[in-house]
Amino acid sequence: MNKKTVKDVDVKGKRVFCRVDFNVPMKDGQVTDETRIRAALPTIQYLVDQGAKVLLASHLGRPKGQAVEELRLTPVAKRLSELLGKDVKKTDEAYGESVKSEIDSMNEGDVLLLENVRFYPGEEKNDPELAKAFAELADVYVNDAFGAAHRAHASTEGIAKHLPAVSGFLMEKELDVLGKALSNPERPFTAIIGGAKVKDKIGVIDNLLEQVDNLIIGGGLAYTFVKAQGHEVGKSLLEEDKIELAKGFMEKAKAKGVNFYMPVDAIVADDFSADANTKVVAIEEIPADWEALDIGPKTAETYRDVIQKSKLVIWNGPMGVFEIDKFAQGTKAVAQALADANDTYSVIGGGDSAAAVEKFNLAEKMSHISTGGGASLEFMEGKQLPGVVALNDK
Ligand SMILES: Nc1ncnc2c1ncn2[C@@H]1O[C@H](COP(=O)(O)OP(=O)(O)O)[C@@H](O)[C@H]1O
Ligand SMILES: O=C(OP(=O)(O)O)[C@H](O)COP(=O)(O)O
């Protein structure tokens with residue numbers, strides 16, 4: 001990597017604003033998957049050991065520029081404190097006088113977690129004033145938030161203009177591993193795209209079609225494609241204004257000789273809940289009042305075969321609503337197929353995909369679990385990540 005890292009700057013006694021991605025899944029005020037917190041520990045521990053005053057900043061969810069009680073980072077501070085084995089204080093704001101006075105009382109090696117940076121409208125707008133306000137808190141900026149590196153926000157991009165700006169160890173490792181896997185991909189090269197962020201991910205498919213041998217579609221994303229094939233999708237997730245785009249992708253795949261795999265069956269439910277009635281249906285037979293919440297068994301079988309014949313697989317986004325056991329089978333089948341494929345280099349991207357692999361106890365079997373979903377996809381597309389571009393060159 002041609003960017004400076006935390007090892008290239010002196011941080012002893014300095015106030016270090018370290019942007020991390022603590023956008024972790026939570027339920028009832030508890031962190032339910034701590035992969036992203038653990039992934040940031042090497043950088044945090046290094047800063048502590050070097051005697052820096054460590055200010056950690058992160059977003060959580062999408063609060064749209066205002067304080068949302070359930071999206072406070074308090075439970076994250078608690079978990080981080082346990083993992084680090086030292087007290088981590090949390091502020092109720094992310095900048096300003098109250099935060100400054102808290103920083104004034106810090107000793108070398110102390111860690112302070114700032115409140116969710118997306119509670120302020122300026123964050124996602126990359127407002128220069130907010131970037132300056134963040135920068136005023138610190139002497140050095142470290143970006144270790146690979147998962148948010150594709151966002152040009154005040155705490156990921158704007159702030160880097162005001163301070164010496166370097167990458168953390170997680171950022172460095174992610175760019176290194178993904179760069180190596182993709183510079184000369186082993187073939188057959190398969191991409192599996194699922195999840196619910198249809199708008200974010202659908203554009204990625206266009207670029208992936210230039211690179212892969214097989215493209216597998218699952219999750220909530222699939223039903224826009226099912227609709228594009230001319231089938232009804234009932235109450236399944238659907239992005240009406242992307243149907244034409246989806247059609248275009250299927251034609252492009254054909255023209256490029258890319259094998260395009262879509263669900264042939266699905267598990268449908270009469271309600272988005274654990275108590276829902278469910279049944280397996282052929283993809284062209286989704287009932288009008290039901291929604292497809294997982295891929296069906298025939299689909300899972302085909303996907304398994306494709307995975308086993310691949311040399312490199314990148315997987316982003318679960319195949320179904322894996323958080324509910326009834327709809328977890330498709331995601332589990334894909335995870336298991338990857339775990340069983342010993343000759344396959346597997347790269348898992350995305351907070352929820354990583355959480356799924358963790359849930360099935362298969363994390364150890366994957367070659368690389370990336371902490372970034374959208375970020376790893378954009379990186380693989382060959383796009384420049386603003387959070388990386390903004391850092392100081394070596
Ligand atoms: N068929 C579906 N309908 C609705 N939601 C789905 C479906 N399949 C998967 N999901 C949801 O997608 C979410 C993950 O999507 P996304 O954020 O795009 O993935 P990632 O974090 O891995 O990038 C999960 O919470 C899962 O419940
Ligand atoms: O969870 C994240 O992205 P991901 O779901 O693509 O992995 C990152 O924290 C970025 O969050 P965002 O997509 O709300 O900007």
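Each ligand, and each atom within it, is numbered from 1 in the order the structure gives. Remember, predicted model here, so these are calculated numbers, not experimental data.
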Please tabulate, for the side chains in residues 217-227, all donor-acceptor contacts under 3.5 angstrom to protein atoms that are two or more places apart in sequence or on a different chain.
unit_1 : atom_1 : unit_2 : atom_2 : d
Thr224 : OG1    : Glu239 : N      : 3.1
Lys227 : NZ     : Glu232 : OE1    : 3.1

- Task: Kindly give the heavy-atom pair with the smallest separation between Ala135 and His162, and that separation in Å.
- Result: CB-CB, 3.5 Å
- Contacts satisfying side-chain hydrogen bond (donor to acceptor under 3.5 Å, both in side chains) that involve residues 383-394 (not counting sequence neighbours) are Lys3-Asp393
- Aromatic plane relationship, Tyr46 with Phe169 - under 30° parallel, 30 to 60° tilted, over 60° perpendicular: perpendicular
- Item | Proximity of Glu291 to ligand 1 by residue part, where a heavy atom lies under 4.0 Å | neither
- Message: For Ile314, run the side chain to side chain contact (heavy atoms under 4.5 Å, CB included) check against Ile192, Thr190, Leu208 and tell me which one passes.
- Response: Leu208
- Message: Please list the nearest protein heavy atom to atom 15 (O) of ligand 1 with its residue and the distance rounded to 0.1 Å.
- Response: Ala196 N, 2.9 Å
- Under 3.5 Å: N/O of Asp294 near N/O of ligand 1: no
- shortest atom 22 (O) of ligand 1-to-protein heavy-atom contact is with Ser353 OG, 2.7 Å
- Task: Answer yes or no: is there a donor N or O on one side and an acceptor on the other, between the side chain of Tyr261 and the main chain of Val306, under 3.5 Å?
- Result: no
- Query: Is the closest heavy-atom distance from Phe327 to ligand 1 below 4.0 Å?
  - Reply: no
- side chain to side chain contact (heavy atoms under 4.5 Å, CB included) with Val16: of Val54, Ile44, Leu47, only one passes, and it is Leu47
- Query: Do any nitrogen or oxygen atoms of Tyr223 come within less than 3.5 Å of a nitrogen or oxygen of ligand 1?
  - Reply: no
- Nearest-contact summary for atom 3 (N) of ligand 1 - protein heavy atom, Å: Leu293 CD2, 3.8 Å
- Message: Under 4.0 Å from a heavy atom of Asn316: which atoms of ligand 1 are those, numbered in the order shown and with their elements?
- Response: 23 (O)
- Protein heavy atom at shortest distance from atom 24 (C) of ligand 1: Glu323 OE2, 3.2 Å
- Which protein residues have a heavy atom closer than 4.0 Å to any atom of ligand 2, listed by chain and number? Asp21, Asn23, Arg36, His59, Arg62, Arg118, Gly147, Arg151, Lys197, Gly350, Gly351, Gly372, Gly373, Gly374
- Task: Write down the atom of Ala228, the atom of Ala246, and the distance for their closest heavy-atom approach.
- Result: CB-CB, 3.9 Å
- Query: Between the side chains of Asp340 and Gln336, is a donor N or O closer than 3.5 angstrom to an acceptor N or O?
  - Reply: yes
- Asn116 (side chain) donor-acceptor with Leu60 (main chain) under 3.5 angstrom: yes
- Item | Closest protein heavy atom to atom 4 (C) of ligand 1, given as residue, atom name and distance to 0.1 Å | Val321 CG2, 3.9 Å
- Query: Looking only at protein heavy atoms, which one is nearest to atom 9 (C) of ligand 1, and how far off is it?
  - Reply: Gly320 O, 3.1 Å
- Report the part of Ala292 in contact with ligand 1, treating N, CA, C, O as backbone and CB onward as side chain, heavy atoms under 4.0 Å; options are side chain, backbone, both, neither. backbone
- Query: Would one find an N or O of Gly220, backbone or side chain, under 3.5 Å from an N or O of ligand 1?
  - Reply: yes
- Residues at least two apart in sequence or cross-chain that pass ring pair (Phe, Tyr, Trp, His ring centres under 6.0 Å) with Phe322, listed by chain then number, are none
- Kindly compute the distance separating CG (Asp33) from CE (Met26), expressed to the nearest 0.5 Å. 12.0 Å
- Can you tell me the protein heavy atom closest to atom 19 (O) of ligand 1 and the distance? Lys201 NZ, 3.3 Å
- Item | NZ on Lys4 to CG on Asn2, rounded to 0.5 Å | 12.0 Å
- Query: At a 4.0 Å threshold, what atoms of ligand 1 neighbour a non-hydrogen atom of Gly317?
  - Reply: 19 (O), 22 (O)
- In this structure, CG of Asp271 is separated from CH2 of Trp290 (nearest 0.5 Å) by 10.5 Å
- Query: What is the closest protein heavy atom to atom 14 (C) of ligand 1, and at what distance does it sit?
  - Reply: Asp352 OD2, 3.4 Å
